[in-house]
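Encoded as structure tokens, the structure appears first; notes follow it.
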Amino acid sequence: MPAILDLPPELEPVQAAIGRALLRVHERFDRQLRSDLPAVSRLVRHIESYRGKMLRPTLVLACGLAARECPGLRTEDSALSPQPSSLLSDAHTTLAAVVEMIHMATLVHDDVLDESQVRRRGRTVNGLHGNESAVILGDYLIASAYHLCSQLDSQRTALLVAHISMTLCAGELLQLSRRADFSLDEETYFEIIRRKTASLVALSCRLGAEASGADEGLARRFERFGEKVGAAFQIQDDLLDLTGRQAALGKPVGQDIAKGKLTLPIIHHLAAATPAERGRSLLLIERASAETPDVDAAAALVPRLAATGSVAHSRSTAETLVAEAKAELAPIADSAAKRLLLTMADAVVTRSA
Ligand code: FPP
Ligand code: MG
């Protein structure tokens, strides 16, 4: 993610250190997934082309660096070093690869559920190789993530990763159970995004900090930062699905509504509209989520969402979450890594891709 950020020159050294660490993460990721079977390697190569913003591994590394500079660490070696990269351990590299692998597994499975054909400007695994291969590739990624976890000194990471994997699946099952349910309320929407997205972002932040020796109080602070940033990220994703442009997003717009997924702008709109306006919007939503989705109906919804202030409401909800996330880091020691985290948090709601 820092690669796409417009950073002040003072943050370039920390960005470069994270960039170097991400190369080690890529290497570990690729080595773990390597197979002697061409049928497997072909799919793994496809996954490598999926790599996007690397938000979660970057958070592991940046939180690892920021925690290193806080007082009260459990380890003896918390002294500041002029070279941030030397403060990142081999465990940080493994943890960053683990969270990216779990994330990739969720995307591969999510594209099967959503019948998505395009992601990050390329064909999805299911689009190119069919659902069967995509399901098993997702399983291969999950198994590989646990294989990596088992190489760590303690079982704690495996326990936390297992817990979050269950949370992700539960969030996805809750979402599935409420597809095309026009009575979905904001509370349930927040429960879904907390589980399906925020939980893994929060874990990434916790794992990075813990690997730097953070005590429970400090690790929890980084985790809360991640939970809020993760929720804001999903709200922005949901907003862009309605208001974004395909060229910037690298995937078609209107996919959520086509699958009957009600997101914050729609939920707010249906609650805020007059009964007559609500009725007209429901007709459009039905057309946009029909067996053959009507893309014009999805586009026609956008000005209606704006008219009830639902776009503004979603944007300000995401901005409030980002402000709360940044406030979590206020008490921790100032450092370049902390400032990078604050800049990343802001970018979550200003991004258009
Ligand atoms: C993307 O949502 C999907 C997720 C954040 C989570 C998906 C989780 C699963 C499919 C459960 C599988 C779990 C494991 C451990 C393999 P989206 O469809 O709103 O976003 P998109 O626009 O990127 O598709
Ligand atoms: Mg999807």
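As the structure lists them, so they are numbered: ligands from 1, and atoms in each ligand from 1. This chain uses plain numbering: 1 for the first residue, then up along the sequence.
- Contact analysis puts Gln234 in contact with ligand 1, with a non-hydrogen atom separation below 4.0 angstrom.
- Taking atom 21 (P) of ligand 1 as the reference point, the nearest protein heavy-atom neighbour is Lys251 NZ, 3.5 Å.
- Heavy atoms of Lys196 found under 4.0 angstrom from ligand 1 belong to the backbone as well as the side chain.
- Taking the six-membered ring where tryptophan is involved, the planes of His46 and His129 are perpendicular, since the angle between them exceeds 60° and thus also 30°.
- At least one heavy atom of Cys169 sits closer than 4.0 Å to an atom of ligand 1.
- Residue Asp110 approaches the Mg ion (ligand 2) most closely through its N/O/S atom OD2.
- Under 4.0 angstrom from ligand 1, there are no non-hydrogen atoms of Gln255.
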Pair Arg220-Glu216, salt bridge (Lys or Arg N to Asp or Glu O under 4.0 Å): steps then yes or no: CA-CA 6 Å; Arg220 192 64 200 109; Glu216 178 55 23; 5.4 Å; no
Phe225 vs Arg221, side chain to side chain contact (heavy atoms under 4.5 Å, CB included): CA-CA, chis, key distance, verdict: CA-CA 6 Å; Phe225 167 80; Arg221 187 168 286 290; over 6 Å; no
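- Residue contacts with ligand 1, taken as heavy atom pairs separated by less than 4.0 Å, do not involve Leu141 at all.
- With a 4.0 Å heavy-atom cut-off, ligand 1 is reached by the side chain of Asp114 but not by its N, CA, C or O.
- Taking the centre and axis of the six-membered ring of Phe233, the NZ or CZ atom of Arg351 falls inside the cone set by 45° and 6.0 Å.
- Between Arg280 and Glu277, at least one side-chain nitrogen of the basic residue sits less than 4.0 Å from a carboxylate oxygen of the acidic one, meeting the salt-bridge criterion.
- Counting only heavy atoms of the protein, atom 20 (O) of ligand 1 lies nearest to Asp237 OD2, 3.6 Å.
- Glu10 has a carboxylate O that lies under 4.0 Å from a charged side-chain N of Arg339, or vice versa, which qualifies the two as a salt bridge.
- Ligand 1 has Lys261 within reach: a non-hydrogen atom of the residue lies less than 4.0 Å from it.
- Between Glu48 and Arg45, none of the side-chain N atoms (NZ, or NE/NH1/NH2) sits under 4.0 Å from a carboxylate O, so this pair counts as no salt bridge.
- Of all N, O or S atoms in Asp114, the one lying closest to the Mg ion (ligand 2) is OD2.
- The pair Glu210-Arg156 meets the salt-bridge criterion, with a side-chain N (NZ, NE, NH1 or NH2) lying under 4.0 Å from an Asp/Glu carboxylate O.
- Protein heavy atom at the shortest distance from atom 14 (C) of ligand 1 is Thr106 CG2, 3.8 Å.
- Atom CZ of residue Arg278 and atom OG1 of residue Thr274 lie 10.5 Å apart, to the nearest 0.5 angstrom.
- For ligand 1 and Thr197, the ligand atoms under 4.0 Å from any heavy atom of the residue are 5 (C).
- By the 3.5 Å distance cut-off applied to N or O atoms, Asp110 is counted among the residues near ligand 1.
- Every atom of ligand 1 is numbered from 1 in the order shown, and the set under 4.0 Å from a heavy atom of Ile142 is 16 (C).
- The distance criterion of under 3.5 Å between nitrogen or oxygen atoms is not met by His109 with respect to ligand 1.
- Under the 4.0 angstrom criterion for non-hydrogen atoms, Arg119 is in contact with ligand 1.
- Here the rule is side chain to side chain donor-acceptor pair (under 3.5 Å) with Asp114, and of Lys261, Gln255, His109 only Lys261 fits it.
- Rounding to the nearest 0.5 Å places NZ of Lys338 at 11.0 Å from NZ of Lys326.
- Protein heavy atom nearest atom 9 (C) of ligand 1, with residue, atom name and distance: Glu172 CG, 3.7 Å.
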